[in-house]
Structures are given as C-alpha cells and as structure tokens.
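Naming: A, B, ... by sequence-line order, numbering from 1 per chain.
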There are 2 protein chains.
Amino acid sequence: MPSSLNERPTLKTIAFMTGLGITTVSRALKDAPDIGAETKERVRLVAAQVGYHPNRAGVRLRTGKTNVISLILSLEEEFIGLTSPMVVGISEVLATTQYHLVITPYSARSDPLDPVRYVLDTGAADGVIISRTEPKDPRVALMMERNFPFGTHGRTELGLDHPYHDFDNERFAYDAVRMLVERGRRRIMLLHPPPFLTYHMHMRSGFERGLRDFGATSVPFNKVDLDNSLADIRVACEAAMLAPDAPDGVISGSGGGAVALVAGIEDAGLKLARDVDMVSKQSNDFLQWLRPEVITLREDFRLAGRELAKAVIARIEGQPATELQTLSFPVLQN
Amino acid sequence: MPSSLNERPTLKTIAFMTGLGITTVSRALKDAPDIGAETKERVRLVAAQVGYHPNRAGVRLRTGKTNVISLILSLEEEFIGLTSPMVVGISEVLATTQYHLVITPYSARSDPLDPVRYVLDTGAADGVIISRTEPKDPRVALMMERNFPFGTHGRTELGLDHPYHDFDNERFAYDAVRMLVERGRRRIMLLHPPPFLTYHMHMRSGFERGLRDFGATSVPFNKVDLDNSLADIRVACEAAMLAPDAPDGVISGSGGGAVALVAGIEDAGLKLARDVDMVSKQSNDFLQWLRPEVITLREDFRLAGRELAKAVIARIEGQPATELQTLSFPVLQN
DNA sequence: CAAGTCAACTGTATCGTTACAGATTTTGAC
DNA sequence: GTCAAAATCTGTAACGATACAGTTGACTTG
C-alpha cells in the first residue's frame, strides 16, 4: 500500500520506497551508529527527493519535544515597540534550527505568572524567553524550581544561575552623566524605569556613581517613570523645568520617554543644547532624525533576541547556565 | 494503574477517576449527544479539578488540526515596526480561543513564497496571515489553489475571493489632498509605497482623484518610495524642495517616511506649516509629539490584527470569504 | 413476551514517531 | 568447521487523542 503521491511523505513512504523497515529509516535519518553507511546514504537521498519533513506532532507525542520556543510578551503597546526588534533577532537564530517561535501574550491586568504556568503545565514549549525581569522574579523562581529551560532579558537577584542577556544600564547611566558633565551640565534629572524592575537599580547606581565621580547633583524626578504614559511624562517634565531648581541635563532610560521629555522641555520654553542637554537610550532612528541635539546611546534589541535564542537552545541542550549569561554595552549613535 | 498525581492528566486519568471509558470521557468533554447529562457534568467537574488540557500533539496527530495561526513576517526592521501592533491585535483575539500564534519569518533576500510553501507542505498551521500584498500575489494564488485558509493585510487583483483587511488608502490620499488644498497648497508631492504592492495603486488613484477634484497638481517624486531607506528619502526630498518647481504640499504614505521627509524639508531650509504643509499616515505618536504641524491620519494596525485573526478563524470554520473582507478608514489624529 | 428502538457507553484501530528488545547476517578467531 | 561477537536491520508497543463500529440494558410496542 504505497501512500498516494501527493500526500505528505512519512517514514512509511520512505520505508516503502527503499524496501527498508520504518525503524531503519528513522534511525538512518538520525545517523544512528547501527545503520550501514550505504543505507544511510540511500535513505537520505530518497528523503530529500520526496521532501520529507518529520511530522512534528508525531515527534512531539512520542518524545515530548515540542521544538517550540515561547516568547512571553506583554501586550501593552509601549513595550511591544521595544520587543519587536527582539522578535527579529530570535527569528534569525531559530530559522537555522528546527525550532518555531510561538508568541505567548499576557495583558497588564493579568498575572505575569499565568503565561509561564501555562507553558509549564501544558508543555507548550521546550524553552521560554521573558522580559521585564524583576530582582525576585517569581517566574524565574518557578522555572528554576521545575528545571525548565529559559532565558531572561535582564538579570535577577535571586542568587540563582540562569541564562540571561542584559544591557549594561549601570554603564549607560554612568556614561550619560559623564557626557552631560562634559557639556558643562551639573544638575541632572533621570527618567528611570519603574522601581520593581531589576534594571532600575542598575540605572540608578550608575547614575549615582556618575554624579559622585564627575561632581554633579541629582534633580529628583520621582513622580513618573518609563511605564507612565508619554503624556504624563511630558507634563511632569515641563513642571520640573519650571521649578526653582530646574535641571540643565536630562537622561532618559528609553527612546520613547525621550520624545516626551523633549516635548516637556520645549513646553517650558527651553531649548535643547542651549538650555538643557539630554542623553537618551535609543532603539529607533526617529529621535535622531528630528532632534539631532539629543545624544543617543544605542541598545541593540535585535542582538538581545539573538543572544537569548542561542542561550535558551544551548540550555535545552544541557549547557550550564553560567556559560549563557551575556551583557551588551551602550554604543554612541553616529 | 492510576497515573502519578504530579504528571499531566490525560483522558486516561479522568477515565480512571470517573470509572468511565476513555472514549466516553473524550465525547463527554466535546458535549456529544450520546452521553448522559449527568455523566457530562461529572466528567467536566473532574477535568476542571485536575486541570485537564487536551494534549495538542495527540489532537494534532489524530485529527490534523494544529490549532496554530501562522503570521508570516518580513524581518526587515522597517516593516517589523509596523507589524508589531498587528501582533497585539492578533494575540488579543487568539487569547480567547485555542489557537497559538506562530511567527514564520522570511528575509528580503529569500522568496516570499518560501514560508507559505513551508506551512502548506508541512501542515504547520491551520491558517495564515500575510502582509505586503501584491495585485497578482503568488502566495494568494497558491493558497487559494490548495484551498488553504488565510487572510491578507491588503487586497489583491486576482479576481479571487479571499478574506482581507485593508486600510482605505484611496480615501487617505484623497483626503490628504483635500486638506492640503484647504490650506492653500496646490503643488503636491506624494511619497508612495513601492509600485508592486497593491496599495500603491489605491494611494495613487486617490491622489489623482484628489488633484482633479480639488484643482491641484502633482510634483513627481519617483526616485524613492516607502521601501527606500530613510536616509535616501531624506536626500531625495531635500533635492525636490530645492528644484525649480518645488512642492508646497507633501503626502507621506507612512509615519516612518514622514520623519525622513520632515528632515529633508528642513535640510532645504524650509519650515513646516509656513513654506510647506504635510499630511502623513501615522501609526505611532512620535511624529505627533515632535512635529505637531504635520497633519496625521491614523491607520490602526492593532485593529487590522484583530480583524485578520477573526477572519482567518472564521474561514477555517467554513464561513464564506466574501463575508470576511473589511476595510478601515483614516482617522484624523487629535 | 418477542422483537425492535433508543440511550448510554466502550473497545479497537489509527495518526507518525521512537524506545526497546529482538532477529538475522557477517565476520573473525582458533 | 564451529561458535561467539559484531554489524545491520526490524517488529512491537507506546505517546494521547478521536473515528467508527459495536455492545449493553432498559423501554416500547403490538
């Protein structure tokens, strides 16, 4: 019973065509040691000829291997803009492998643990990538406890070794202070990430180290952070610029926030480069085009995607987590 | 042989717990008519209690249903920025269903048919969503021929009925011309999409209809289109602004392009709103913040994602394609 | 009360793959 | 020439689900 020619070929098809057993074909394609060299060659040839792809459901059912990496994504528009270049980086790496990329979303109103639990409980993926990492991130704790492969965009403070990729936000803020001081600025304001995210601490400590080393002072700006709406940031910035001890230097922890800060500064009747200098972390080109006065240090999200995808796959293959931790550094744009 | 308590429950687990047969449990959970009401209730209760999720590999192997929608994505950075809000819209809809979203990428250097063929040949998904639709799109032709469910972001000219969602680019360009003429502009330049995409024709014909109806003339701008780099667009725009018959009104087919046009206009020493007015299609807020003089008509990509996801699922469920074609309209921003 | 009807339930085979435990043939040693 | 070891190859069962073809027992019906 040869399977019809226009149906998807299976191991059975190849077994029939070569006159071998199904098991032999399976093992030949896996390059198993107990199959003859010539047989392997024949099987590979026929498989290529008929365009054989192993049936994912069959493999998954038998072995439990899904060949899926799940990217867990917050659906808030503000974050998705940042994470989309990451999708490109992840896809670039996965394209060279058998893995598929599945987007597992969650909304701000729901528990961020939900998608992780879903993947763990249903076995929906072999590995997971998460963002918006917290110092005591419960998602990390849960996946470590279950010994499930994952990578985080950002570090944790749990005393547990897991794969991560992080941008050096300490250095970013430190360099940013330096650049502002070099331009004669001394009173510096920082638009920081929300306090519960790990990189808040990194950015703050780089900021404070910079203030000490370069002899500048901090202008408090604590009513808003990068999770606030651009409109809120704009208003808060204008207020800060009109206050008695207004800053003459501003650091923005993201490109989106920088746009709002620029608008706030100009609302206050001030002019960039003349009255105030600004350093921003930047992922897209827009700000660079419209306000070239803003000094931008680039964070490469695409690279982050590539690193994380490679790390998760290596972790799945058993490589120790400590070898899968990478850091990238701010690059001055232009 | 009761399965261990901390393993994933299967139909067998529930069958053992209820004392029923596996088949009965399966059919009870599907609400089949030949199962008693009380039995169904008991089965549902136990299933919920143990947190039963059907094993996707089992279902997929037996039925061929993957419960996957594949979003086919070009990995070029310029496009991914636009498509990312679409991912949000798609996810919102899929979250209420059993479907997972898989990203199937392709690069500009490879054949756009490749990912479609891959899905078709491997049965990787139950439905597909594609963008960058062409009038005689070979991907559409192929999927129609194979009777495979899909939705397109953008229309085709193949004379075949398939689900789509499109933005009314004809109306966008027409309205844009009107708004420019209302501001006293008469010599209008259009930054259009690449000619091989369907919406190029829509935008052009709306543009030309507007010129006729409102009595304006066109300034040729054919050396670049929206697929060119921002740097190229900027340079071309500056040149156009310095040429003898320079435009006094500009229309941009995307928000990204508008940023480059603004830069080009300013490179030429001209000022928005004073020397030139501009209407742009806009998906993010950045331009609005930094150049409020630009008139923006919004295209809602998130809505597009929602509409397409719903359409593809409905198509999978057998609804006629002609009922799954939607259009959305430009909205004046602020 | 025999026979037919119906409701409720169940066993078997199967999807495509791989783990495992053979089976068969070849080779080599003495 | 015999026998063990090595080299190749293969059948069966199982992963979890569902289609399909029953089975069982209670209830009508004439």
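Contact annotation for A/Pro54: backbone-only contact, meaning every heavy-atom pair under 4.0 Å involves sugar-phosphate atoms and none involves a base. Among the protein residues, A/Gly21 comes within range of the sugar-phosphate backbone only, with heavy atoms under 4.0 Å from sugar or phosphate atoms but none that close to a base. Residue-level contact check: B/Asp34 touches the bases, meaning some heavy atom is under 4.0 Å from a base atom. Here B/Ile22 lies in heavy-atom contact (under 4.0 Å) with a base. Within the nucleic acid shown, A/Thr24 comes within 4.0 Å of at least one base atom, counting heavy atoms only.
The distance from atom CD of A/Glu38 to atom P of C/dT26 is 14 Å, rounded to the nearest whole Å. Computed from coordinates, the A/Arg27 CZ to C/dG16 P distance equals 21 Å when rounded to whole Å. Rounded to whole angstrom, the span from the NZ atom of A/Lys30 across to the C1' atom of C/dT18 amounts to 7 Å. In this entry the distance linking CD1 of A/Ile35 with P of C/dA23 reads 18 Å, nearest Å. Rounded to whole angstrom, the span from the CZ atom of B/Arg60 across to the C1' atom of C/dT17 amounts to 13 Å. A/Leu61 places its CG atom 13 Å from the C1' atom of D/dA13, with the value rounded to the nearest Å. If you take CG of A/Leu20 and C1' of C/dT24, they are 15 Å apart, rounded to a whole angstrom. Atom P of nucleotide C/dT17 and atom NE2 of A/His53 are separated by 12 Å, given to the nearest angstrom.
In this structure a side-chain-to-backbone donor-acceptor pair under 3.5 Å is missing from A/Thr198 to A/Gly154. Within the 3.5 Å criterion, the main-chain N or O of B/His153 finds no donor-acceptor partner in the side chain of B/Ser131. With B/Asp166 contributing its side chain and B/Leu327 its backbone, the two residues share no donor-acceptor pair below 3.5 Å. Counting only distance, with no hydrogens or angles, the side chain of A/Asp126 and the backbone of A/Lys65 share no donor-acceptor pair below 3.5 Å. Not one N or O on the side chain of B/Glu307 forms a donor-acceptor pair closer than 3.5 Å with the backbone of B/Thr326.
Side-chain nitrogen and oxygen atoms of B/Tyr52 include none within less than 4.0 Å of the OP1 or OP2 phosphate oxygen of D/dG16. Regarding contacts with the backbone of D/dC9, a side-chain N or O of A/Thr39 is found under 4.0 angstrom from either OP1 or OP2.
Annotation: of the two residues near DNA chain D, A/Ala37 and B/Arg56, the 5′-most nearest-nucleotide partner is A/Ala37. When each of B/Arg62 and B/Arg42 is assigned the nucleotide of DNA chain C with its nearest heavy atom, B/Arg42 is the one assigned upstream, toward the 5' end.
Here the nucleotide nearest the side chain of B/Ser26, chosen from D/dG16, C/dT18, D/dT18, is D/dT18. Comparing C/dT18, C/dT10, C/dC15 by their closest approach to the side chain of B/Thr23 singles out C/dT10.
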